[in-house]
Number of protein chains: 2
Amino acid sequence: MNNDESLQLENQLCFRLYSLTKLMNRHYSPVLKKLGLTYSQYIVMLVLWENNNTNSAISVKHLGVKLDLDSGTLSPLLKRLEKQGLISRLRNSEDERSVEIKLTRSGCQLKAQAQDIPAQMFSVTGMSIDDLQGLNNQLDNLLVTMNTK
Amino acid sequence: MNNDESLQLENQLCFRLYSLTKLMNRHYSPVLKKLGLTYSQYIVMLVLWENNNTNSAISVKHLGVKLDLDSGTLSPLLKRLEKQGLISRLRNSEDERSVEIKLTRSGCQLKAQAQDIPAQMFSVTGMSIDDLQGLNNQLDNLLVTMNTK
DNA sequence: GTAATTTAAGTTGTACACAATTTAATTTCA
DNA sequence: TGAAATTAAATTGTGTACAACTTAAATTAC
C-alpha cells in the first residue's frame, strides 16, 4: 500500500468506528427519547441499575472509571439526571470531596421501561450471537492494546 | 445462551464502539494538534486532499454525504478551516444554493505533514494487516445493515 | 408562467467530550 | 504538627453532532 492509498478515508479503521458510533447513536436516540434519556445518560443509568441490587451509592469518581468519562462530562450530565428526578447527589460525609449518586424511586422504576431496549438494538445489528461475540472480542483486544500505549 | 445474556452482549458491543471511538480520538488528538486540526477537521481535509488531484471543488452537500455529517456540523467547522487559511468557501455561480470548498495553497501543503499519520495510528492498533482487513469488513457489514434499517 | 415543493446552507439550542483550571478536602511526610 | 502534594468535583472554554428551524435558490407541477 503506498502513502496516498493509506491516506484514503476508506482504508481507515478509525473512520468506520466513528461512523458506526454515530449510526448506533441515531438508532438509540428515538428509543431512549421515550425515557427522556440520551445515550450517555442511559449508560450512566445502566451502571446505577446494576448497582442498585446492592443498594449502595456510587461516587462520581467510580462512575467515571466505569464509563471512562471525566467530571467535566459527568458533573453537568448528573445535574440533568437529578433535575429529571432520576438520581440524587449527596456529599459523602466521610470524605467531603466525594459526591455519592443514588437512584430515586422514579429512577429505579425507569429500569422496567428500559428492559427491552437491548433486544431491540440487537435486532438492528442483524448479527448472529457468534458473530457478535467474535466482534466483541476483537474490539476488546483493541481496547486493551490502545489503552496500554 | 439465553435471552438475557445476548442482551448484555449487545450492550457491550455498543459501549465498546463508543469507548473505542473516544480512545481513537485521544490517540489522534496530540498528533493532529501539531497540524492544528481536530479529528473531524482532519477527515474533511482527507476528502479535500484526495479530491485535489482532479483540482475540482467539492460542495458542502457532497462533503456531508461522504462523511455522513449535516450542515449543522459542517458549516461552523468549515468556517474554522477557512479562518485557519486552509480552505476557501465560494458560492457556486451555476447554483447559488451550493457552496464550493477548495483547498488553499496552505491547505494543500498541509497534506505532506499528514502523510505518516495513518502509519502511526496503525501501529497503535497493534494489529496485523489481515486482522485489520477482517475487522474493517465486519464493520462495513454492520454499517450497511444498520444504514438500511 | 407561477404557485407549491424541494433543495442547500446556515442558524439556534441542547448535550456531550475533554483540556485546562479552580476549589476544597484529604493524605503524605519532612 | 504543618507545609506540600494529591485527590474529587466542579467550572470554563472549545469543538463537535444533531434536531429543528430559517432563508434563499432551484425545480416541479399544474
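Note that the structure is a prediction, hence the values are computed from the model and not measured.
Listed nucleotides: dC16(C), dT26(C), dA9(D). Nearest to the side chain of Ser59(A): dA9(D). Taking the side chain of Leu77(B) as heavy atoms from C-beta on, and the options dC18(D), dG10(C), dT16(D), the nearest nucleotide is dT16(D).
One can place NZ of Lys61(A) at 19 Å from P of dA25(C), the figure rounded to the nearest angstrom. Atom CG of Leu78(A) and atom P of dA17(C) are 13 Å apart (whole Å). Atoms NZ (Lys83(A)) and C1' (dA15(C)) sit 13 Å apart, rounded to a whole Å. Following rounding to the nearest Å, Tyr28(B) (OH) and dG15(D) (P) show an atom-to-atom distance of 20 Å. Here dT23(C) presents its C1' atom at 14 Å from CD of Glu96(A), a figure rounded to the nearest Å. Taking atom CG of residue Leu81(B) and atom P of nucleotide dT14(D), one finds them 17 Å apart after rounding to whole Å. Straight-line distance from the CD atom of Gln84(B) to the C1' atom of dT14(D): 12 Å, rounded to whole Å. Distance CD1 (Ile43(B)) to C1' (dA17(D)): 11 Å, rounded to an integer number of Å.
Annotation for Ser128(A) and Asp131(A): closest pair OG-N, 3.1 Å, computed over non-hydrogen atoms.
Looking at Arg89(B) and Lys79(B), their side chains come closer than 4.5 Å, going by heavy atoms from C-beta outward. Between Lys66(A) and Ile43(A), every side-chain heavy-atom pair lies at or beyond the 4.5 Å cut-off. Leu78(A) is listed as a side-chain neighbour of Leu63(A), based on a closest heavy-atom distance under 4.5 Å. Side-chain contact between Asn136(A) and Arg16(B) is present, with at least one heavy-atom pair separated by less than 4.5 Å. Between Leu77(B) and Leu81(B), some side-chain heavy-atom pair lies under the 4.5 Å cut-off. You'll find the side chain of Asn52(B) stays beyond 4.5 Å of the side chain of Lys111(B), heavy atoms only. Using a 4.5 Å heavy-atom threshold, the side chains of His27(B) and Gln120(B) count as separate.
A close approach under 4.0 Å does not occur between any side-chain nitrogen or oxygen of Ser71(A) and OP1 or OP2 of dA10(D). Phosphate contact (OP1/OP2 of dC16(C), side-chain N/O of Arg80(A), threshold under 4.0 Å): present. At the phosphate of dA15(C), neither OP1 nor OP2 sits under 4.0 Å from any side-chain N or O atom of Gln41(A). A close approach under 4.0 Å does occur between a side-chain nitrogen or oxygen of Lys79(B) and OP1 or OP2 of dT11(C). For the pair Thr38(A) and dA15(C), the criterion of a side-chain N or O lying under 4.0 Å from OP1 or OP2 is not met. OP1 or OP2 of dA17(D) lies within a sub-4.0 Å distance of a side-chain N or O belonging to Ser40(B). Close to dA19(C), at under 4.0 Å from its OP1 or OP2, lies no side-chain N or O of Arg26(B). A sub-4.0 Å separation between OP1 or OP2 of dA17(C) and a side-chain N or O of Tyr18(B) is present. Applying the 4.0 Å criterion to OP1 and OP2 of dA9(D), one finds that Ser98(A) has a side-chain N or O inside that range.
No engagement by Leu74(A) is indicated, since no non-hydrogen atom pair under 4.0 Å with the nucleic acid exists. Glu100(A) comes within 4.0 angstrom of nothing in the nucleic acid, heavy atoms only. No engagement by Ser29(B) is indicated, since no non-hydrogen atom pair under 4.0 Å with the nucleic acid exists. Within the nucleic acid shown, Thr73(A) comes within 4.0 Å of at least one base atom, counting heavy atoms only.
Comparing Gly72(A) and Glu94(A) by the nucleotide of DNA chain C whose heavy atom lies nearest to each, the residue mapping closer to the 5' end is Gly72(A). Along DNA chain D, the nucleotide nearest Arg97(B) and the nucleotide nearest Ser75(A) are compared for position; the residue whose nucleotide lies closer to the 5' end is Ser75(A). Looking at which nucleotide of DNA chain C each of Leu69(A) and Val60(B) is closest to, the 5′-most match is held by Val60(B).
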Can you pull every protein N or O that's under 3.5 Å from an N or O on nucleotides 2-5 of chain C?
none

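Within a 6.0 Å sphere centred on NZ of Lys22(B), other residues, nucleotides and ligands contribute more than 12 heavy atoms.
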